[in-house]
Amino acid sequence: MNKKRVSHSTIWRILIGALPWVACGPEEPSEPAPTPEYTKAPTADYAVGRGRQEAPAVRFVDVTREAGLEFRHETGARGDKWMPETMGSGCAIFDYDGDGWLDVFLVNSEGWQGEQAPGKLYRNLGNGTFADATERAGLAFSVYGMGATIADYDADGDPDIYLTTLGPNLLLRNDAGRFVDVAREAGVAGEVWRDDAGNENPEWSTGAAWVDVDGDGWLDLLVTNYVRWSASTDIYTTLDGKGKSYATPQQYPGSTPRLYRNLGEGRFREITKEAGLLLPEGKSMGVAMTDFEDDGRIDLVVTNDTQPNFLLQNLGGGRFEERGLAAGIGYDETGRARAGMGVDIASVANDGVLSIAIGNFSREALALYRQAGGEVFVDGAGRARLMQATLRPLTFGLRFFDYDLDGYQDLILANGHIEPEINVVQKEIEYQQAPQLFWNAGDGRMVEVSEQTGGPFLKPLVARGLAVGDIEADGDLDVLLTTSGGPAYLLRNEGPTGRAVALDLTGKAPNRDAIGAKVTAQVGEQAQVFMVRTGSSYLSHSPTTLTVGLGTAEQIDRLEIRWPDGAVEALEQLAAGARYKIAQGEGIVEKRAW
């Protein structure tokens, strides 16, 4: 096969330069870049509240083995060092059979010669253990899988899976607990591109999110795509001039995201171009949804690897405008695009202001873009004290979640490099890297508590996917991590934590999942704001259940729900220690204590 070759001197410069993911170019010295704002120390006037001095001593325990999750991710690696081997894979936490317990889906990748490596579906038995339900659920097949996103796209009352792959994507319709691939007939299997020899190759899909972009109630589908790679266009790169190393994305053309409009009756139509989303320069990894302008239309953030990130402003009627550069999230403050991986969005300070967290490459800091007004953002990672702790790790999955249930959104990172030999050329960087946990102090600081939290946060991994959910239905949030070429990890939250309320919303058909609903929980003087959403993290899906941490408070004083169709309802005095099912127009239809 024809392979393009990149010299070892070029790759050496890429890997040991001040910024490791720079485009290949002439080997001329460049002017030193100005120090970006996100690397500067926090200033005293940043605090928005008194804050708290010490994080609680919450512990997470690795219960993977005792829970029965026997899984190992395969990359297909056999020495060729093909780029997709570095990327996967993701995971999903959701209740596939409707029994009230969260199940686990782990994405896998088959071998390059068709060696079988099915993903795994584990059914929650309700006693802290899982049973392998892969075969009976119709999922015992192999693809080169990447990620998964979950929603009831056909409004029949059960959750369906969209599985992204290096190849045709799969729409796994849930038929009473057994999944059937209907992607081709539905029109969402993905698109192809042609290489210089005229060969057709499938787009390499990564993240995906179910979202009603046009307000008709049907859940549409946004799929992000990475680069135009195939076995026949693989580029030879080397660190030492002797052996092949994994290539970086700037050596490949980008690939546009794809938007599919749900027409109902199980059919979709691709509307990428007419929606204003034909963005061929994208090298996209993650997608997160929110409503930056609070106008009831869902906006999207898409991260790009070595290309400017996208902020897709929803103009209404299924049309978007890409505003990443204007919004300030496209580049860092030196004018360089970072290697955007996972992404999540939350109101960190409980002040109604949104922050976008984006995982980046080693020697790049985590981005924490804080809304400065409308759709304009400023990177506050340095002020939040995130910069030094996140410079060395390469962060893929990440998620905001209130692990101690004190009413503030904390942050967890899944870290791991792409190049097994990276330590040869960058002595301070390791291939395996420990996950990180940051506690929200409530005054603008995100305090790293990895070391005091327990063993799982001290164990170096090559982590990729990350999801959070209340696996044991005991009120607190547990963590699911995947690794590249290794096992998955289930980390149980053993507290101590504050009180909490869990919320499951059911909207009007066809959006029965209430995707896009905005929820405001008033607890004392604090107002916590949430959105029912899909997407976020990296290649992974967390449940749509909303967990509201109350600290020492005994109830949510007032709960306001703005449903996806714009209707607003309010409920009073939801007592702590229970999970509430709330249906649009009906109020609380079920309450279950834990």
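Because only heavy atoms are used, hydrogens play no part in the values below, and waters and symmetry mates are left out as well, while side chains stay in.
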How about F396 and M285: do any of their side-chain heavy atoms sit closer than 4.5 Å?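 Yes, close enough: below the 4.5 Å cut-off.
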Taking the inter-plane angle between the rings of [X] and [Y] on a 0 to 90° scale, is it parallel (under 30°), tilted (30 to 60°) or perpendicular (over 60°)?
{"X": "F268", "Y": "Y153", "result": "tilted"}
{"X": "F94", "Y": "F179", "result": "perpendicular"}
{"X": "Y403", "Y": "F60", "result": "tilted"}

Of R269, R261, R319, which is the lone residue that meets salt bridge (charged side-chain N to carboxylate O under 4.0 Å, His left out) with E274?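 For E274, the salt bridge (charged side-chain N to carboxylate O under 4.0 Å, His left out) check succeeds only for R269.
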Test side chain to side chain contact (heavy atoms under 4.5 Å, CB included) applied to I561 and V568, step by step: CA-CA 6 Å; I561 303 170; V568 177; over 6 Å; no
Presence of salt bridge, [Y] and [X], under 4.0 angstrom:
{"X": "R173", "Y": "D175", "result": "yes"}
{"X": "R533", "Y": "D513", "result": "no"}
{"X": "R499", "Y": "D476", "result": "no"}
{"X": "D99", "Y": "R123", "result": "yes"}
{"X": "D132", "Y": "K120", "result": "yes"}
{"X": "D294", "Y": "K518", "result": "yes"}
{"X": "E560", "Y": "R562", "result": "no"}

Taking the side chain from [X] and the backbone from [Y], do they hold a donor-acceptor pair closer than 3.5 Å?
{"X": "S540", "Y": "A92", "value": "no"}
{"X": "D152", "Y": "P159", "value": "no"}
{"X": "Y122", "Y": "A67", "value": "no"}
{"X": "D154", "Y": "G266", "value": "no"}

Just do the side chain to side chain contact (heavy atoms under 4.5 Å, CB included) check on N511 and L219 with the steps written out, would you? CA-CA 7 Å; N511 188 356; L219 293 177; 3.7 Å; yes
Show your reasoning for whether side chain to side chain contact (heavy atoms under 4.5 Å, CB included) applies to S542 and R399. CA-CA 9 Å; S542 296; R399 188 80 186 192; 3.8 Å; yes
Step by step, would you call Q436 with N415 a side-chain hydrogen bond (donor to acceptor under 3.5 Å, both in side chains)? CA-CA 8 Å; Q436 292 175 288; N415 302 322; 3.0 Å; yes
Does the pair S205 and N169 meet the rule for a side-chain hydrogen bond (donor to acceptor under 3.5 Å, both in side chains), with working shown? CA-CA 8 Å; S205 298; N169 298 324; 2.9 Å; yes
To the nearest 0.5 angstrom, please state how far the CG atom of N262 sits from the CG atom of D212.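 N262 atom CG to D212 atom CG measures 9.0 Å (nearest 0.5 Å).
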Q313 and E322: side-chain hydrogen bond (donor to acceptor under 3.5 Å, both in side chains), yes or no, with the steps? CA-CA 6 Å; Q313 181 185 7; E322 201 292 288; over 6 Å; no
Might you confirm whether atom CD of E554 has over 12 heavy atoms from other residues, nucleotides or ligands at distances under 6.0 Å?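 Result for CD/E554: open.
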More than 12 heavy atoms from other groups under 6.0 Å of CD on E135: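 12 or below, so no.
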Could you pull out all residues at least two apart from Q528 that satisfy side chain to side chain contact (heavy atoms under 4.5 Å, CB included)?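 For Q528 the side chain to side chain contact (heavy atoms under 4.5 Å, CB included) partners, ignoring immediate neighbours, are N350, V523, F530, V548.
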E494 and side-chain contact (heavy atoms from CB on, under 4.5 Å): which partner among V61, D474, V58, D478?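 That would be V61; it is the only one of V61, D474, V58, D478 passing the side-chain contact (heavy atoms from CB on, under 4.5 Å) with E494.
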Show the numbers, then the answer: is there a side chain to side chain contact (heavy atoms under 4.5 Å, CB included) between L539 and V107? CA-CA 9 Å; L539 305 181; V107 180; over 6 Å; no
